[in-house]
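Read through the structure below, which is laid out as structure tokens, and then see the notes.
Counting convention: from 1, in listed order, for ligands and their atoms alike. Since this is a predicted model, take the numbers as computed values, not measurements.
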Amino acid sequence: VATLGIDLGGTFARAAVVDAQGRILAADKAALGERTPDAVVDVIARAASAALRLAGNVDVTAVGVGAAGQLRGETGIIRVAPNLGWRDVPFGALLAARFNRPVRVVNDLSAAAWGELRVGAGRGVSDLLVVFVGSGVGSAIITHGQLTTGATGVAGEFGHIKVVPGGRPCGCGERGCLEAYVGGHNLTAQLRELLAEADPASPLARLASQLPPGAPALPPLLEQAAGAGDARAREVLTRAADALALAVANQVTVLNPGRLVLGGGTLTHLPLLKERIREGVQAWSSAVSRDGLTVADAELGDDSGIIGAALLASGGWG
Ligand SMILES: [Zn+2]
């Protein structure tokens with residue numbers, strides 16, 4: 001039995017035909033044009049047709065969507081999708097009408113965590129904490145083999161725990177969120193602020209001047225500059241790394257997971273952050289809570305969400 005997995009981001013939609021073992025049989029990706037719900041449904045339908053054709057037109061029993069945004073529980077309604085400018089869009093119903101199949105819409109991180117649980121770095125573990133640091137920061141919590149959704153479906157909004165009261169503004173409209181210090185977008189913003197006022201003789205300014213013409217300054221430059229002795233780059237990076245590591249350690253203390261899975265592009269490109277999380281969990285989570293804990297890197301890369309969404313559509317949370 002195969003299902004269709006959809007990964008809906010801010011710029012692309014991907015569709016994949018996934019079998020019951022979590023293997024991708026075929027996939028296709030399409031760029032979003034207009035951001036209206038109907039236009040996005042059209043793009044998804046095109047990507048899905050292409051994936052189905054590549055898979056030999058197998059029948060799919062259901063459709064699972066991992067969407068970047070906040071959902072209204074299990075209603076299929078996307079409450080807020082900042083990248084798409086959506087509020088209260090009945091996306092599940094729109095897709096169900098198009099595909100004539102049951103549709104399940106979940107948060108992209110929940111989908112990714114489910115993929116890692118079933119066929120990735122969380123296999124065989126029933127209590128899992130998954131932390132992703134990409135352009136944003138998020139987590140998903142799996143307890144006794146089930147996703148923790150919370151009363152209104154937004155449990156795991158890890159990027160928006162406060163780490164500095166009244167601190168840097170965050171994309172969510174609040175201030176001092178973890179994501180405002182550690183997310184890829186915000187690390188880039190902090191880097192640009194440093195560069196704007198950097199002494200031309202500083203390691204950061206020298207490294208930036210060596211970038212190829214037109215190449216943007218990206219967060220790994222912070223790590224390079226800190227390594228070259230740049231005090232201000234080190235300060236920004238240390239503040240971000242400590243906030244992240246402390247937050248993850250506290251999550252471990254509260255949740256007592258059997259495994260912690262770390263993923264996302266920012267952690268891949270800034271190994272120092274990932275190392276700091278590992279050290280922080282050892283140093284700052286309570287000893288009883290981390291007893292038996294293993295820490296692993298996410299295994300499925302960009303495919304975790306699409307595989308997880310497809311598997312979630314094929315039946316139950318459990
Ligand atoms: Zn926030």
Side-chain angles (χ1 to χ4, degrees), residues 8-11 35 66-73 77-89 91 105-113 129-141 147-194 218-219 222 235-255 260-270 273-274 276-277 280 284 298 305:
L8 176 60
T11 46
R35 300 297 202 267
Q70 290 182 352
L71 307 177
R72 241 181 239 299
I77 295 173
I78 296 182
R79 200 172 76 82
V80 188
N83 294 329
L84 299 170
W86 289 3
R87 279 190 175 272
D88 291 313
V89 172
F91 197 59
V105 185
V106 299
N107 170 269
D108 56 346
L109 283 176
S110 298
L129 171 62
V130 183
V131 172
F132 285 103
V133 186
S135 52
V137 179
S139 73
I141 302 154
L147 268 172
T148 296
T149 57
T152 63
V154 300
E157 284 286 299
F158 181 58
H160 305 288
I161 64 168
K162 303 301 175 279
V163 295
V164 178
R168 293 179 66 86
C170 179
C172 72
E174 295 168 9
R175 282 182 170 272
C177 297
L178 179 61
E179 184 170 302
Y181 294 88
V182 189
H185 281 317
N186 287 307
L187 279 171
T188 302
Q190 292 172 89
L191 171 60
R192 296 209 174 121
E193 289 165 23
L194 283 189
L218 294 171
L222 282 171
E235 190 184 315
V236 165
L237 206 53
T238 301
R239 182 173 64 180
D242 281 356
L244 177 62
L246 187 56
V248 175
N250 286 339
Q251 283 262 75
V252 167
T253 296
V254 170
L255 297 170
L260 166 65
V261 172
L262 302 174
T266 297
L267 292 188
T268 304
H269 296 299
L270 296 175
L273 284 184
K274 192 149 67 178
R276 192 70 183 131
I277 294 176
W284 297 323

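- Summarising the local packing, CZ of R87 is surrounded by 12 or fewer heavy atoms from other residues, nucleotides or ligands at distances under 6.0 Å.
- Residues forming a side chain to side chain donor-acceptor pair (under 3.5 Å) with R168 (at least two apart in sequence, or on another chain): E193.
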Please tabulate, for the side chains in residues 235-246, all donor-acceptor contacts under 3.5 angstrom to protein atoms that are two or more places apart in sequence or on a different chain.
unit_1	atom_1	unit_2	atom_2	d
T238	OG1	R234	O	2.7
R239	NH2	Q190	OE1	3.0
D242	OD1	R276	NE	2.9
D242	OD1	R276	NH2	3.2

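- Q70 contributes no side-chain N or O that, together with a main-chain N or O of V80, makes up a donor-acceptor pair within less than 3.5 Å.
- Protein atoms that are N, O or S and lie under 2.8 Å from the Zn ion (ligand 1) are these: H160 ND1, C170 SG, C172 SG, C177 SG.
- Legend: residues meeting salt bridge (charged side-chain N to carboxylate O under 4.0 Å, His left out) with R79, ordered by chain and number and at least two apart, are absent.
- I277 is listed as a side-chain neighbour of L267, based on a closest heavy-atom distance under 4.5 Å.
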